[in-house]
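These notes concern the structure reproduced below.
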Amino acid sequence: MVREYTVYGNDFVRAGEVSGKIKTILKGLGYPPEMIRRAAITTYEAEMNMVIHADGGRVRASFSPEEVVLVFADQGPGIADLNLAMQAGWSTASETARQLGFGGGMGLPNIRRYSDALDIDTKVGTGTTLTITIRPGGRNL
Amino acid sequence: MNQEEYVPIYLNISQCVGCTACMQRCPTEAIRIRGGKAAVMRERCVACGECIRVCPHHAMEARVDRLDQVLGKYKYTIALPAQALYGQFPGIKTRSPVLEGLRRMGFDEVFEVATAAEVVSAATHYELAHGSIPHPILTTVCPVVLRLVRIRFPSLLPHLLNYRSPMEMAARWSRQLASRKTGLAPEDIGCVYISPCPAKCASIQDSIGTLKTALNGIVSVAEVAPRLQAVMDGIEDEESFPHSGAAGVGWAISGGQAAAVGESNNVVASGMENLIRILEALEDGKLSSVELVELSACTPGCVGGALTVENPFIAAARLRKMMQGFGPSVPVSDCPVEDMRWEKTPAPSQVLRLDEDLSRAMEKMDRIRALADSLPGMNCGACGAPSCKAFAEDAVTGRGHGARCVFRPDTPEHEVL
Ligand SMILES: Nc1ncnc2c1ncn2[C@@H]1O[C@H](COP(=O)(O)OP(=O)(O)OP(=O)(O)O)[C@@H](O)[C@H]1O
Ligand code: SF4
Ligand SMILES: [Mg+2]
């Protein structure tokens, strides 16, 4: 089963709606609670990164009994130094985003921590695509 | 009572005109209109009492006991007044007329739930510092929160504070003390809670962490308040016999529990919509730096319970004022603290799951979406479901009972099944 969504850049009213919809689907399909929690955290962080850093993008979520694959694709600025970006506490968030409580530099590290597989494809000037895989009975919190 | 069949909210059929007011307002979409009457889906009901509040015909009622059913049933009856009761009366400055009035009404003894709340507060303070519950700890005194977490946020179950509520502790504690004092057998002593809300009633019937409740009855603040008012005349309105302090009484107002626990790194929210938003945020990992989350379904806390009579904000103001006149709490000995922890671990509820089998659940979800997309999206409620999406869900899961969309009468539910 596949669902697709649009994330709107710098729109803090809609921010979180896509991860909310994905959570509702996961609950309706009956995935185990521990997996829903990991999916909730990773989708929320990935969605917020598209809102804050990439002027929005598209999300494609595929659900199967074995795994949930979440692809977050944007055409934003890309990430120049991925190793740096993956470090806890490193952030280039704008002043506005920081005032709203973002910019702790914890999003990507948490996505890596809570996902069962993570692939990041990024190119400066072209955009970023995150592919997150979450499996029932995978990594525990 | 058979727990499986237990519905916390009860419909007075003859008064219901099927107007959809309750259905449109229910935060968990637990109500449908069938055959012109409201029907509550037991497994989805969180007992918040919204339907009781909004029904213009007063057809929705909480399952509570009546005073005459509980008074005189036991050799010795203890009243356990919820803190919210004290704020219901315009004419008094202290809680003495309430406590003394309850005796005049026929209770042999009065034991403040607030007193037990102080013990639970102290235990929670200790739990935060030394316990093993992952932070933020989510308070569980509001049963609506408990039910909602089981149904919609099962991944948050480990964060729940697994203590019995002050009302449950008050019953255990006061029964023990009274049995010692009177020499009566514990089963001859009745403990009756005076409740601001239907959720408290539901929580003794299908309690989530407690195997067997120590309460023998629950009556509503709405029934007790006018009867109390009638016997209060002439009672001296001065703080007198041993009472709980402000910490325990403050639990009736949102934020009071966090204050009594003494945790300032907290998030406090009240009202169903806010509560759901906070639970979403918790699930998304947004509140990981917070220690304590205090949620209540009613605004501003239990003083706004659906079974109260006074305006919630007026009651809260009055209670705050009353609390200024309180001395420090008078310690009551021998609280059975070893009996405070739940003996059951709440299991997630599966009511939102469309099918036990994931592949079949996916098929159903696709069919629901296809059907919902073909409906007008007006969410008018005429079909008896709260939204077009809910109508589609009912149709595909076989809950529909043949209801139809008024804009698409060509699509009776059984055809889309
Ligand atoms: N989709 C993206 N497009 C461009 N840059 C990104 C994207 N996602 C992350 N980055 C870069 O990586 C950095 C680290 O991201 P991360 O999510 O870990 O922290 P943050 O978003 O800055 O703060 P937080 O997630 O704690 O609110 C960001 O500050 C930003 O420079
Ligand atoms: S906030 Fe208090 S009165 Fe309202 S439902 Fe919860 S426990 Fe009952
Ligand atoms: Mg981020």
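Basis for what follows: all heavy atoms, side chains included, without hydrogens, waters or symmetry-related copies. Numbered from 1 within each chain, the chains take letters A, B, ... in sequence-line order.
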Taking B/Ala258's backbone N and O only, do any of them form a donor-acceptor pair with B/Glu294's side chain (distance below 3.5 Å, no angle check)? yes

Does B/Met23 offer a backbone N or O that forms a donor-acceptor pair with the side chain of B/Thr20 under 3.5 Å? no

Would you mind checking if B/Lys389 and B/Asp394 are paired as a salt bridge, meaning a charged N to carboxylate O distance below 4.0 Å? no

Side chain, backbone, both or neither: which part of B/Arg369 has an atom under 4.5 Å from a heavy atom of chain A? side chain

Answer yes or no: does atom CD of A/Gln75 have more than 12 heavy-atom neighbours from other residues, nucleotides or ligands under 6.0 Å? no

NZ/NE/NH1/NH2 to OD/OE distance under 4.0 Å, B/Glu393 and B/Lys364: no

Contacting region of B/Lys286 [heavy-atom separation from chain A under 4.5 Å]: side chain

So which of B/Pro134, B/Ala361, B/Ser155 has the largest heavy-atom pair count under 4.5 angstrom toward chain A? B/Ser155

Hey, which residues of residues 3-27 of chain A are touching chain B, say heavy atoms under 4.5 Å apart? A/Arg3, A/Lys23, A/Ile25, A/Lys27

dist A/Ile79:CD1 -> A/Ile120:CD1 (nearest 0.5 Å) comes out at 6.0 Å

If I compare all heavy atoms of B/Ala30 with all of B/Arg44, which pair ends up nearest, and what's the gap? CB-CB, 3.6 Å

Return yes if some donor-acceptor pair links the side-chain N/O of A/Glu34 with the main-chain N/O of A/Gly137 below 3.5 Å, else return no. yes

For chain A, which of B/Asp284, B/Ile368, B/Leu352 has the most heavy-atom pairs under 4.5 Å? B/Asp284

Please look at B/Pro348 and chain A and tell me whether the side chain, the backbone, both or neither of the residue comes under 4.5 angstrom of a heavy atom of that chain. side chain

Give me the contact list for residues 263-278 of chain B versus chain A, heavy atoms only, anything under 4.5 Å, ordered by residue number. none

Just checking, any donor-acceptor pair under 3.5 angstrom between side chains of A/Ser115 and A/Arg38? no

Return the option, out of A/Gly28, A/Pro32, A/Ser64, with the maximum number of heavy-atom pairs under 4.5 Å with chain B. A/Gly28

NZ/NE/NH1/NH2 to OD/OE distance under 4.0 Å, B/Glu343 and B/Arg164: yes

Atom pair OG (B/Ser349) and CZ (B/Arg147), whose distance is rounded to the nearest 0.5 Å: 10.0 Å

Applying a strict 4.5 Å limit to non-hydrogen atoms, the region of B/Leu157 in contact with chain A is neither

side-chain contact (heavy atoms from CB on, under 4.5 Å) between B/Tyr163 and B/Glu127, intermediate numbers included: CA-CA 10 Å; B/Tyr163 288 169; B/Glu127 180 74 41; 2.8 Å; yes

Does any backbone or side-chain atom of B/Glu280 lie under 4.5 Å from a heavy atom of chain A? Answer side chain, backbone, both or neither. both

Donor-acceptor pair, B/His159 side chain versus B/Leu138 backbone, under 3.5 Å? no

